[in-house]
2 protein chains.
Amino acid sequence: MGSGKSKVTITDVARAAGVSSSAVSYALNGKPGVSEQTRNKVLEIADSMGWKPNSAAKALSVAHTHTIGVVLNASSTLLGVEPYFMELFSSVGVELEKEDYSLLLRFAHDDDEALRVHRNWIAAGSVDAVMIFNVEIGDRRVELYCQHPEVPALVFSDASVSGGLTTISSNDADGTRQIVKYLHDLGHTHIARVAGPERFGHTYLRDRVFSEETTKYGMRYDCLHADYTPQEGRDCTKRLLTLPQTPTAIVYDNDVMTIEGLHVASAKGINVPEDLSLISWDDSYLCTVTEPRLTALARNIPALGGQVVSMLYALIDGESVANQFEPGYRLITRESTAVPRAE
Amino acid sequence: MGSGKSKVTITDVARAAGVSSSAVSYALNGKPGVSEQTRNKVLEIADSMGWKPNSAAKALSVAHTHTIGVVLNASSTLLGVEPYFMELFSSVGVELEKEDYSLLLRFAHDDDEALRVHRNWIAAGSVDAVMIFNVEIGDRRVELYCQHPEVPALVFSDASVSGGLTTISSNDADGTRQIVKYLHDLGHTHIARVAGPERFGHTYLRDRVFSEETTKYGMRYDCLHADYTPQEGRDCTKRLLTLPQTPTAIVYDNDVMTIEGLHVASAKGINVPEDLSLISWDDSYLCTVTEPRLTALARNIPALGGQVVSMLYALIDGESVANQFEPGYRLITRESTAVPRAE
DNA sequence: CTGAAAGCGCTTACAG
DNA sequence: CTGAAAGCGCTTACAG
């Protein structure tokens, strides 16, 4: 309603300083076209009047909103459980802060709703760039932003599913190798994995490299696909533990499933790590909370922020930026892994 | 840069429809001043051309951004650990979605930086309203928004610290009563609490009601103040367990500290719940992950979203809205609480 | 019911 | 170095 009526505008400042509004604009934006004297005077007066550029007016003029868009899946019960997004936003947000950029956040129930938001953002010019997560093969968001290069998209996925959009990828091949080598060095010869959904690009990549590495080492490898939820973590573990030949180690694609796997094992009287080693892909506070604490593959999210934001700014500036990898994974060994019991 | 060049504007639609741009505006906004015929034609054409209102232009005209601002504390290591914010944002975000409102998110390192962002938002007209969390006594954000009623603030705190700004409060008095009564009914006569920081309004309120209720029941009550971190959860538990007279139950103001308390107890050979009952204030997945699982006081965050958003909309519409309470707390009893061992 | 015009608060060529 | 003017894409009184 009547809000903003009392706001001080560039015209007020101009009047107070006795110059034109364009002079004020030049002064305020550090552009040439105004003497040092006037510039200083304007700066001082603007400051004393508490002037700040109206964001809508500025956005309309320069066609930049100083905003990075993200739409999240609201129906994912894992949003609250998994710290990933909050940690990432925090790390990215701190960097964005330096240039007064904001995160524009939306929650969609399904893919259609998400797509609607993205379409709207593109047509309305609401964001300077977007970050896209959980990309699936043939993702419609990827398709959409390929058709609209005017709003740059940074895709958090393996480059194989980004349709040419700029990606930042976790180095899943390397992470997989670290895990398999570690288990092999401990003496395991039969490992299993409870993986994420097959439709995600990084799942596919992990699947492939797990197969390659285990055959390289002559290990037996079983893989079940799940959806990251506690329920499926439990179910898959039960199935693996009733196999005629039981694995001596299980790798889970997230920490929540690992924890549920641990509970299933102890309910069955199977000791971790003596009888069974468990590794969580993704480290978090959760992994330090169980008994035993969980060996986990950790990503360096705090370091990720700067990298992400500089990619975003480069994209916004119209530069072409190469696909990059996140800071490397690091295996944190705790008490859930050990030498397998001799048969 | 050259982005937005190809965007379809209201003028393009007007030209295509053979009417004036004002007619288009009326038609698109469902306002009178245009015949049904023209309205339908315009709607159809606008749709077929893929027109969407430019958000900056609209915001500049109507002085509304369709945006709710939140600035979070980036240096809190608990952001990733505690699911509260993500769950709340998700629940609020789903409601906001229906009216195409967005969350505008910033991360500040300290109070000064947060205050700077808020000042900027006010002067720049960047948000239609803000949500404010973790309010302290004498909070400068409260002071700021009291001076600027033109941008409404919804404060998540006890009404005693909001300086008259509209609040939505968790019913901490009721929650406290539930906990104390439950422990009393089990037979506990000496309970302790590891509380949050004293500077928070809700901590103060819990402190007071805990005192009242325990004296009402004739229970002994010890209280230590901590900062929600794992470290202080451990330290405070150790201090409580080396008291000459040891409590038979400990209540923690968050789940993270409860879990650390559990670890301290088992390290000392103290059995939970036989020797010591533990209750977490705030329920989350974490509470179901430990052995034993934790009895916890749960808030109903999914139900909170609708309530919060309708308050926000009312505030934005300039209505005066009364302070409200969140949906009530519910005590979830699990295996970390029991009848105390007879002395 | 309809169109021409002014305004929201900025920026940016364009003349002086 | 400086000012007057047009433009960003909408909305909204104001005349016809």
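Just so we're on the same page: letters track the sequence lines, and every chain starts at 1.
- A:Leu60 places its CG atom 12 Å from the P atom of C:dG9, with the value rounded to the nearest Å.
- A 6.0 Å sphere centred on CD of B:Gln37 holds no more than 12 heavy atoms belonging to other residues, nucleotides or ligands.
- Judged by distance alone, with hydrogens and angles left aside, the side-chain atoms of B:Ser25 form no donor-acceptor pair with the main-chain N or O of B:Ser21 at under 3.5 Å.
- Taking the six-membered ring where tryptophan is involved, the planes of B:Phe85 and B:Phe133 are perpendicular, since the angle between them exceeds 60° and thus also 30°.
- Note: NE2 (A:His64) to C1' (C:dT12) measures 15 Å, nearest angstrom.
- Nearest to the side chain of B:Lys58, among D:dG3, C:dT11, D:dC10, sits D:dC10.
- Side-chain atoms of B:Pro53 lie closest to D:dC10 of the nucleotides C:dC10, D:dG3, D:dC10.
- Ionic pairing of B:Lys7 and B:Asp12 is not present here: no N-O contact between side-chain nitrogen and carboxylate oxygen is shorter than 4.0 angstrom.
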Under a 3.5 Å cutoff on both atom distances, Watson-Crick or G-U, what's the dot-bracket for DNA chain D ([ ] crossing, | other strand)? |||.||||||||.|||
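- The nearest whole Å value for the distance from the CZ atom in A:Arg39 to the P atom in D:dC1 is 9 Å.
- In this entry the distance linking NE2 of B:His66 with P of D:dC10 reads 15 Å, nearest Å.
- Which of D:dC1, D:dT12, D:dC10 sits closest to the side chain of A:Ser35 comes down to D:dC1.
- No side-chain donor-acceptor contact under 3.5 Å links B:Thr167 to the backbone of B:Phe156.
- One finds the OG1 atom of A:Thr67 at 5.5 Å from the CG atom of B:Leu104 (value rounded to the nearest 0.5 Å).
- Across all strands shown, B:Ser25 has heavy atoms under 4.0 Å from base atoms, whether or not it also approaches the sugar-phosphate.
- Between the CG atom of A:Asp12 and the P atom of C:dC8 there is a distance of 11 Å, given to the nearest Å.
- With hydrogens and angles left out, the side chain of B:Ser22 and the base of C:dA4 share a donor-acceptor pair within 3.5 Å.
- One finds a side-chain N or O of A:Thr38 lying less than 4.0 angstrom from the OP1 or OP2 phosphate oxygen of D:dT2.
- For the pair A:Lys31 and C:dT12, the criterion of a side-chain N or O lying under 4.0 Å from OP1 or OP2 is met.
- When distances are taken from the side chain of A:Val62 to each of C:dT11, C:dT2, C:dC8, the shortest belongs to C:dT11.
- Of the possible donor and acceptor atoms, one in the side chain of A:Asn40 sits under 3.5 Å from a partner among the backbone N and O of A:Glu36.
- The NZ-C1' distance, from B:Lys41 to C:dC1, rounds to 14 Å in whole Å.
- Mapping A:Thr11 and A:Tyr26 onto DNA chain C via the closest heavy atom, the residue that lands nearer the 5' end is A:Thr11.
- Contact annotation: B:Ser61 does not reach the phosphate of C:dG7 (side-chain N/O to OP1 or OP2, under 4.0 Å).
- One interatomic measurement links the two molecules: NZ of A:Lys7 to P of C:dC10, which rounds to 11 Å at whole-angstrom precision.
- A sub-4.0 Å separation between OP1 or OP2 of D:dG9 and a side-chain N or O of B:Trp51 is absent.
- When rounded to the nearest whole Å, the span between CG of B:Asn29 and P of D:dC10 equals 10 Å.
- Using a 4.0 Å cut-off between charged nitrogen and carboxylate oxygen, A:Asp111 and A:Arg141 do not count as a salt-bridge pair.
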